[in-house]
Student: 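Next up is a structure, given as structure tokens.
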Amino acid sequence: MATRQRRVELRYDPEAIDRKWQQRWADDGLHRVEDDDPRPKWYEMTMYPYPSGDLHIGHWYALALSDCHARFRRMQGYNVLHPIGFDAFGLPAENAAISRGIHPYTWTMDNVETMRGQLRSIGAIYDWDREIVCCLPEYYRWNQWFFLKFLEHGLAYRAKAPVVWCPSCQTVLANEQVVAGNCERCNTLITRRDLEQWFFRITDYADRLLDFSGLVDWPEKILTMQNNWIGRSEGVEISFDISEYGLEERVISTFTTRIDTIFGVTFLVLAPEHPLVDRLTTEEQRPQVDEYIAQARRTSEIDRLSTETEKTGVFTGAYAVNRLNGERVPIFIGDYVLMTYGTGAVMGVPAHDTRDFVFARKYRLPIRIVIAPITWDGSDLTEAYVDEGFMTNSGPYDGFTNEEGKVAIANDIEKRNWGRRAVSYRIRDWLISRQRYWGTPIPVVYCDQCGIVPIPEEDLPVLLPTDAEYIPTGGGSPLAANPEFLNTTCYRCNGPARRETDTMDTFFDSSWYMLRYISPNSVDAPFEPAAGKHWLPVDQYTGGAEHAVMHLLYSRFFIKGLYDMGIVDFEEPFLRLFNQGVILGEDHEKMSKSRGNVVNPDEVVTDLGADAVRCFLMFIGPWDQGGPWSEVGINGVARWLNRVWEILGRDPSDLDGPGTGAPSANGAGNKDSRETLRLLHQTIRKCYNDLDRFKFNTAIASLMELSNHLNKVWSDGSVDSDVWRECVEKFLLVLAPIAPHLSEEMWERTGRPYSIHQQSFPSWDDDLAAEDTVTLVVQVNGKVRDRLEVPADIEEQAAQELALASPRIRSYTEGKAVSKAIYVPGRLVNLVVR
RNA sequence: GCCGAAGUGGCGGAAUGGUAGACGCGCCGGUCUCAAAAACCGGUGGGGGUAACCCCGUGUCAGUUCGACUCUGACCUUCGGCACCA
């Protein structure tokens with residue numbers, strides 16, 4: 001048992017209050033969401049958790065705070081749908097199965113059951129009737145249905161793609177299972193293997209995915225990351241002649257964004273996986289080439305693309321002809337060229353490309369300058385010159401600026417049919433196939449007569465067999481080892497056929513789950529169109545920034561695909577996006593079992609209540625920044641809630657008693673009452689604006705200031721009881737989305753009608769919130785030299801006169817000329833003196 | 001390495017071109033207590049000064065500005081992602 005650090009003596013029993021209200025809200029169906037509610041709709045969705053079996057503090061951070069925002073929207077008058085579900089397919093279930101011998105289904109569903117209970121302790125406004133669990137056939141049959149739609153619309157295709165392979169375990173590995181180039185289980189050196197797999201044509205949508213056209217309100221950084229991930233570049237595909245080898249392919253096609261440097265080409269580099277490598281390699285060079293390819297198969301893409309690691313390559317023994325100048329240049333292979341980008345072949349222009357420069361130096365290839373640096377004296381380069389300039393050594397194009405050259409050369413190449421203008425994207429088509437058991441079966445069969453045959457819609461779902469071997473062994477997908485699943489009859493010709501045994505990437509499930517929450521029980525369609533029309537798209541999506549690129553791009557693509565098929569009538573699934581940060585351990589490190597810094601929220605909730613945990617997570621700092629957990633830090637908010645309980649629970653009529661309160665004849669007339677009212681209205685305004693923009697930390701700080709102030713004016717007996725009553729009521733209403741249990745309990749105890757969560761967020765009065773006086777800062781040459789208390793509406797002239805008249809200021813301006821005076825209304829005067 | 005962020009007291013953070021350190025933790029002092037804990041009240045960036053006050057201070061270095069935590073450039077450190085963790 002760890003040393004108990006939570007030492008706050010609460011005046012209330014948080015466990016009893018949490019239990020009481022969670023039960024009451026559930027019994028009353030307070031959070032049930034109806035489609036036909038007359039209020040305007042607000043669909044606020046948070047990324048659904050993976051059912052790991054334990055709701056950790058990071059889940060609380062994501063879920064409790066999004067719940068606060070959803071509750072705030074509800075108090076603003078919206079009918080709020082804030083659903084929850086489980087991202088239930090994936091690798092950890094298989095790992096658990098392997099290490100503990102539990103079936104992935106059992107493991108997952110047990111975890112879901114545990115986590116449902118833990119999730120209830122948050123006190124969120126989930127409508128549990130809308131829960132989704134995507135490993136159940138009721139959900140994944142729609143994965144299959146959507147797959148068939150994409151296939152039907154030509155957006156799915158099969159192609160070979162490499163997978164990471166452990167030659168000892170004879171299984172496909174996830175990148176996560178590779179440790180320093182070795183299999184994490186048996187420590188064998190990994191390699192890569194080509195398998196025929198399913199792809200979705202996300203690249204067809206690249207331009208549309210780049211275009212946000214004001215449709216969405218997302219953080220700028222996420223838009224930038226997506227743009228960079230898609231990585232559009234315009235250039236030219238130019239082919240080099242290899243007809244001398246008498247192959248079927250008479251050219252090698254390369255993609256370049258710098259066609260203006262074509263006369264500087266002194267070599268070509270092919271990706272080691274390029275299909276021509278085998279045929280072009282000379283017998284003499286073959287041993288080195290084969291060895292190099294084997295090496296490349298073990299190297300990760302990050303290492304291959306690193307600008308830090310040395311650029312290597314091997315000569316194939318073959319040459320290609322640059323048709324613009326007739327030169328014959330050597331063909332290399334090099335692992336810094338990827339088969340998945342452009343054409344898998346690049347032209348080497350060492351003088352004007354950094355990587356090519358290093359490569360040419362290493363292999364002693366000529367470096368020919370074709371774009372003259374501005375101050376070039378004709379000497380050799382010490383590094384690649386990648387900037388603009390005039391063309392030289394470029395035949396008919398000499399003297400052009402390189403920008404003019406780009407256009408002229410592209411035109412000439414197109415005229416002669418040596419190539420064409422082209423756009424290349426860094427993004428690759430979405431590889432859907434997984435050689436794993438715990439996923440959605442891909443609904444096609446392979447028939448010797450008919451080829452690929454999609455399974456008809458009416459025969460869905462293709463059930464994942466529960467009695468199958470789920471531990472991957474002996475080659476492909478585990479399902480391939482299950483003859484009852486594998487062998488079937490063709491849906492077209494009734495002849496013998498084999499089922500597809502790969503399952504789907506789990507990003508497939510999460511690409512469309514926002515649709516399923518709308519009609520989670522629909523059996524005829526993934527969602528009811530009428531309900532979809534009402535709720536979709538999602539107004540606010542929240543979740544970790546780790547999903548900035550992949551999940552969010554896949555989902556955007558998926559929805560655009562459905563839009564084109566007429567299945568949905570909107571193009572962007574998530575109108576607004578907010579990414580929360582990460583909760584770290586007390587040691588400021590990422591939480592992990594091996595570090596022993598994992599926080600169990602259940603214990604804290606029992607001790608201090610759900611609201612204390614919610615408040616602490618909100619108070620820790622800005623939501624998008626995350627922050628470290630602190631066992632002593634949470635005492636602070638617990639103490640505050642405890643004080644709020646005590647202060648707001650006081651009997652306001654005590655203020656009317658003799659010797660206290662001293663209410664003035666006109667109610668809120670006395671000075672402290674006016675101050676109190678002002679602070680109340682300022683606090684409501686601040687909390688409204690802060691909660692609106694997820695700035696929970698400063699909202700709570702301002703409520704703390706208000707409670708401190710209330711305590712002070714109470715002990716001074718200087719506030720009117722009516723003002724006090726107004727403060728209590730509005731304080732509780734502002735607190736309601738933040739601390740739903742405590743505020744409900746106090747709402748009841750102060751004699752107010754159930755439920756606080758059906759009330760509106762309080763409004764404020766700007767006039768009441770306005771200050772009479774402000775502190776005018778007086779600077780001399782930008783340094784603060786005095787502060788003056790002045791009327792809030794002071795004019796520039798008067799402010800300057802007051803500033804100049806201040807004795808302190810005079811000691812700085814004495815005998816000097818004031819050359820300039822800057823006035824910021826109601827804030828500052830800056831006198832510039834020489 | 002590439003792409004994207006972040007760096008402010010002893011700690012979490014506030015202030016997004018105008019009073020640096022709101023609010024909280026911790027610490028120090030006090031009240032209560034036989035004592036401690038809890039609770040409550042007060043103080044708390046560093047340096048100098050009896051004091052009034054003064055100087056320094058937002059990762060480092062340069063720049064823009066009357067004025068920079070805030071904008072620009074370079075660098076350092078940490079974090080997220082890099083296509084089979086989700």
Side-chain angles (χ1 to χ4, degrees), chain A residues 7-11 47-50 52 87 89-92 95 163-164 172-178 219-222 224-229 231 300-309 340 426-431 433-436 439 505-507 509-510 543-551 553-554 579 581-582 584 588 590 616 619-622 624-630 632-637 639-640 642-643 646 697-698 700-705 708 711 715 775-784 786-787 808 819-824 827-833:
Chain A
R7 288 178 220 272
V8 180
E9 254 176 48
L10 297 176
R11 295 164 206 271
M47 291 176 189
Y48 61 172
Y50 180 80
S52 56
D87 182 13
F89 272 138
L91 194 61
N95 288 338
V163 294
V164 181
V172 174
L173 297 180
N175 289 337
E176 196 187 46
Q177 298 172 307
V178 180
E220 204 55 47
K221 62 165 184 168
I222 306 290
T224 307
M225 278 192 258
Q226 294 211 346
N227 283 345
N228 292 341
W229 184 266
S300 75
E301 260 183 35
I302 291 177
D303 289 336
R304 284 175 62 164
L305 288 175
S306 170
T307 50
E308 195 78 334
T309 54
T340 49
R426 207 186 70 95
I427 194 174
R428 311 204 282 256
D429 276 338
W430 178 12
L431 174 58
S433 303
R434 295 292 181 269
Q435 294 71 40
R436 305 206 173 273
D505 178 10
T506 55
F507 278 128
D509 313 55
S510 56
E546 68 273 20
H547 291 299
V549 176
M550 302 183 63
H551 158 56
L553 264 177
Y554 290 142
N579 297 108
V582 179
L584 305 172
H588 294 217
K590 207 173 149 172
F616 179 63
F619 189 60
I620 227 167
D624 54 358
Q625 229 169 275
W629 176 260
S630 167
V632 289
I634 193 172
N635 290 344
V637 285
R639 268 201 288 268
W640 173 64
N642 200 32
R643 271 199 304 275
E646 191 274 318
N697 56 329
T698 47
I700 289 181
S702 72
L703 281 174
M704 285 174 171
E705 286 184 72
N708 289 344
N711 192 40
S715 55
T775 307
L776 184 76
V777 173
V778 185
Q779 298 183 336
V780 178
N781 291 339
K783 289 199 173 210
V784 180
D786 202 4
R787 296 179 172 91
R808 287 192 193 172
S819 60
K820 196 171 172 185
I822 284 110
Y823 178 62
V824 181
R827 303 203 76 153
L828 157 146
V829 172
N830 186 15
L831 303 168
V832 185
V833 303

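As the structure is a computational prediction, the values presented were derived from the model and not from experiment. Labels below follow one simple rule: chain letters A, B, ... track the order of the sequence lines, proteins then strands, and each chain is numbered from 1.
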Student: Does the side chain of A:Q177 come within less than 4.5 Å of A:N95's, by heavy atoms?
Tutor: yes

Student: For A:N708, report the nucleic acid contact type (base, sugar-phosphate, nothing); a contact means any heavy atom under 4.0 Å.
Tutor: sugar-phosphate

Student: I need the CG-P distance between A:L305 and B:G1, as an integer number of Å.
Tutor: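 Those two atoms, CG and P, are 14 Å apart.
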
Student: With nearest nucleotides of RNA chain B determined for A:L828 and A:E176 from heavy-atom distances, which residue corresponds to the more 5′ nucleotide?
Tutor: A:L828

Student: If the sugar-phosphate is the primed atoms plus P, OP1 and OP2 and the base is the rest, what is the B/S/- string for nucleotides 29-44 of chain B, using protein heavy atoms under 4.0 Å?
Tutor: ---------SSSS---

Student: Strictly distance-based, threshold 3.5 Å: is any side-chain N or O of A:N642 a donor or acceptor partner for the main-chain N or O of A:E9?
Tutor: yes

Student: For the C1' atoms, the ones on B:C61 and on B:U44, what distance do you get once it is rounded to whole angstrom?
Tutor: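 Their C1' atoms lie roughly 33 Å apart.
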
Student: Would you classify A:I427 as touching base, sugar-phosphate or nothing, given that sugar-phosphate means primed atoms plus P, OP1 and OP2, and contacts are heavy atoms under 4.0 Å?
Tutor: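 If one applies the 4.0 Å heavy-atom cut-off, A:I427 turns out to touch a base.
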
Student: Side chains of A:L431 and A:D505: does their closest heavy-atom pair fall under 4.5 Å?
Tutor: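 A side-chain contact under 4.5 Å is absent here.
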
Student: Roughly how far apart, to the nearest Å, are B:G13 and B:G63 at atom C1'?
Tutor: 29 Å

Student: Any idea if B:G9 is syn or anti, going by the 90°-from-0 cut?
Tutor: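 Syn conformation for B:G9.
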
Student: Which residues pass the side-chain hydrogen bond (donor to acceptor under 3.5 Å, both in side chains) test with A:T224, not counting sequence neighbours?
Tutor: none

Student: From CH2 of A:W430 over to P of B:A83, roughly how many Å is that when rounded to an integer?
Tutor: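 In whole Å, B:A83 P lies 16 Å from A:W430 CH2.
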
Student: Go through the structure and list residues passing side-chain hydrogen bond (donor to acceptor under 3.5 Å, both in side chains) with A:W640, not counting sequence neighbours.
Tutor: A:S707

Student: When Watson-Crick pairs (N1 to N3 and N6-O4 or O6-N4) and G-U wobble pairs (N1-O2 and O6-N3) count only below 3.5 Å on both distances, what is the dot-bracket string of RNA chain B, with | for other-strand pairs?
Tutor: (((((((..(((.....[....)))((((((.......))))))((((....))))..(((((..]....))))))))))))....

Student: Check for a donor-acceptor pair, side chain of A:S819 on one end and backbone N or O of A:V832 on the other, with a separation under 3.5 Å.
Tutor: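 Checked: pair present.
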
Student: Ignoring hydrogens, what is the shortest heavy-atom contact between A:R426 and A:N228? Give both atom names and the distance.
Tutor: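 Taking every non-hydrogen atom into account, NE-O, 3.4 Å.
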
Student: Given B:C85, B:A22, B:G18, which nucleotide is nearest the side-chain atoms of A:A701?
Tutor: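 Of the options given, the side chain of A:A701 lies nearest B:A22.
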
Student: Could you say whether A:T775 or A:F89 is positioned toward the 5' end of RNA chain B, judged by the nucleotide with the nearest heavy atom to each?
Tutor: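 Nearer the 5' end of the strand: A:T775.
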
Student: A:F507: what forms a ring pair (Phe, Tyr, Trp, His ring centres under 6.0 Å) with it, not counting sequence neighbours?
Tutor: A:Y554

Student: Going by ring pair (Phe, Tyr, Trp, His ring centres under 6.0 Å), name the residues that satisfy it together with A:Y48, two or more places apart in sequence or in a different chain.
Tutor: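 Ring pair (Phe, Tyr, Trp, His ring centres under 6.0 Å) list for A:Y48, sorted by chain: A:Y513.
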
Student: Could you go through A:F616 and A:I700, starting from their C-alpha distance and side-chain angles, then the distance that decides it, and tell me whether this counts as side chain to side chain contact (heavy atoms under 4.5 Å, CB included)?
Tutor: CA-CA 9 Å; A:F616 179 63; A:I700 289 181; over 6 Å; no

Student: State, yes or no, whether a side-chain contact exists between A:I620 and A:N697 at a heavy-atom distance under 4.5 Å.
Tutor: no

Student: For atom P, what is the distance between B:G17 and B:U72, given to the nearest Å?
Tutor: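 It comes out at 12 Å once rounded to the nearest Å.
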
Student: Please list each protein N or O that sits under 3.5 Å from an N or O in nucleotides 48-58 of chain B, with the distance.
Tutor:
from: B:C53; atom 1: OP1; to: A:R808; atom 2: NH2; distance (Å): 2.5
from: B:C54; atom 1: OP1; to: A:Y812; atom 2: OH; distance (Å): 2.8
from: B:C55; atom 1: OP1; to: A:R785; atom 2: NH2; distance (Å): 3.4
from: B:C55; atom 1: OP2; to: A:R785; atom 2: NH1; distance (Å): 3.2
from: B:C56; atom 1: OP2; to: A:K783; atom 2: NZ; distance (Å): 3.2

Student: How far does the P atom of B:C3 sit from the matching atom of B:C85, given to the nearest Å?
Tutor: 23 Å

Student: What is the distance, rounded to the nearest whole Å, between atom CD1 of A:I302 and atom P of B:C82?
Tutor: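 One finds 8 Å between P of B:C82 and CD1 of A:I302, rounded.
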
Student: Who pairs with A:N711 by side-chain hydrogen bond (donor to acceptor under 3.5 Å, both in side chains), at least two apart in sequence or on another chain?
Tutor: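 Testing A:N711 for side-chain hydrogen bond (donor to acceptor under 3.5 Å, both in side chains), a comparison that skips the adjacent residues, returns A:R650.
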
Student: Suppose you measure atom C1' in B:A39 against the same atom in B:G45; what distance do you get, rounded to whole Å?
Tutor: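 The same atom, C1', in both gives a distance of 29 Å.
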
Student: Check the distance between B:G81's P and A:Q226's CD and give it to me in whole angstrom.
Tutor: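 One finds 16 Å between P of B:G81 and CD of A:Q226, rounded.
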
Student: Nearest to the side chain of A:A174, which nucleotide is it out of B:G1, B:C85, B:G18?
Tutor: B:C85

Student: Between A:D624 (CG) and B:G80 (P), how many Å, whole number?
Tutor: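 In whole Å, B:G80 P lies 16 Å from A:D624 CG.
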
Student: On a whole-Å scale, what distance lies between the C1' atoms belonging to B:U31 and B:A35?
Tutor: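 Those two atoms are separated by 15 Å.
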
Student: Roughly how far apart, to the nearest Å, are B:G24 and B:C75 at atom C1'?
Tutor: 35 Å

Student: Using a 4.0 Å heavy-atom cut-off, write out nucleotides 3-16 of chain B from 5' to 3' as B (base contacted by protein), S (sugar-phosphate only) or - (no contact).
Tutor: SSS-----SBSSS-

Student: So, A:K590 and A:E546, do they make that salt bridge, N to O below 4.0 Å?
Tutor: no

Student: Answer with base, sugar-phosphate or nothing: what part of the nucleic acid does A:V637 contact at a heavy-atom distance below 4.0 Å?
Tutor: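 Here A:V637 touches no strand at all.
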
Student: Is the shortest heavy-atom distance from the side chain of A:V829 to the side chain of A:I822 under 4.5 Å?
Tutor: no

Student: Could you give the distance separating B:U58 and B:C53 at their C1' atoms, to the nearest angstrom?
Tutor: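 Here B:C53 and B:U58 have their C1' atoms 24 Å from each other.
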
Student: Can you confirm whether A:M704 sits close enough to A:V637 that some side-chain heavy atom of one is under 4.5 Å from a side-chain heavy atom of the other?
Tutor: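 Yes. Closest side-chain heavy atoms under 4.5 Å.
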
Student: Could you list, one pair per line, each protein nitrogen or oxygen that sits under 3.5 Å from a nitrogen or oxygen of nucleotides 64-74 of chain B, together with the distance?
Tutor:
from: B:C66; atom 1: O2; to: A:N830; atom 2: ND2; distance (Å): 2.3

Student: Using only atom types and a distance under 3.5 Å, with no angle test, would you say the side chain of A:N579 pairs donor to acceptor with the backbone of A:G543?
Tutor: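 Confirmed, A:N579 side chain pairs with A:G543 backbone.
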
Student: Any base atoms under 4.0 Å from A:E546, or only sugar-phosphate, or nothing? Heavy atoms, all strands.
Tutor: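 The answer is base, as A:E546 lies within the cut-off (heavy atoms under 4.0 Å) of a base atom.
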
Student: side-chain hydrogen bond (donor to acceptor under 3.5 Å, both in side chains) with A:D303: which residues, sequence neighbours excluded?
Tutor: A:S300

Student: Provide, to the nearest angstrom, the distance between the NZ atom belonging to A:K590 and the P atom belonging to B:C79.
Tutor: 10 Å

Student: Once you round it to whole Å, what is the distance between C1' of B:C25 and CD1 of A:I700?
Tutor: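 Result: 15 Å.
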
Student: Do the non-hydrogen side-chain atoms of A:V778 and A:R808 ever get within less than 4.5 Å of each other?
Tutor: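 In short, these two side chains do not touch, never coming nearer than 4.5 Å.
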
Student: Could you pull out all residues at least two apart from A:V163 that satisfy side-chain contact (heavy atoms from CB on, under 4.5 Å)?
Tutor: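 Here the qualifying residues are A:V172, A:R193, A:L195, A:Q197, A:Q435.
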
Student: Please state how far atom CZ in A:R426 lies from atom C1' in B:C2, giving the value in whole angstrom units.
Tutor: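 These atoms are roughly 8 Å apart.
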
Student: Report yes if a side-chain nitrogen or oxygen of A:R787 is closer than 4.0 Å to either non-bridging phosphate oxygen (OP1 or OP2) of B:U19; otherwise report no.
Tutor: no

Student: Check every atom of B:G1, B:C23, B:A83 against the side chain of A:S306 and return the nucleotide holding the closest atom.
Tutor: B:G1

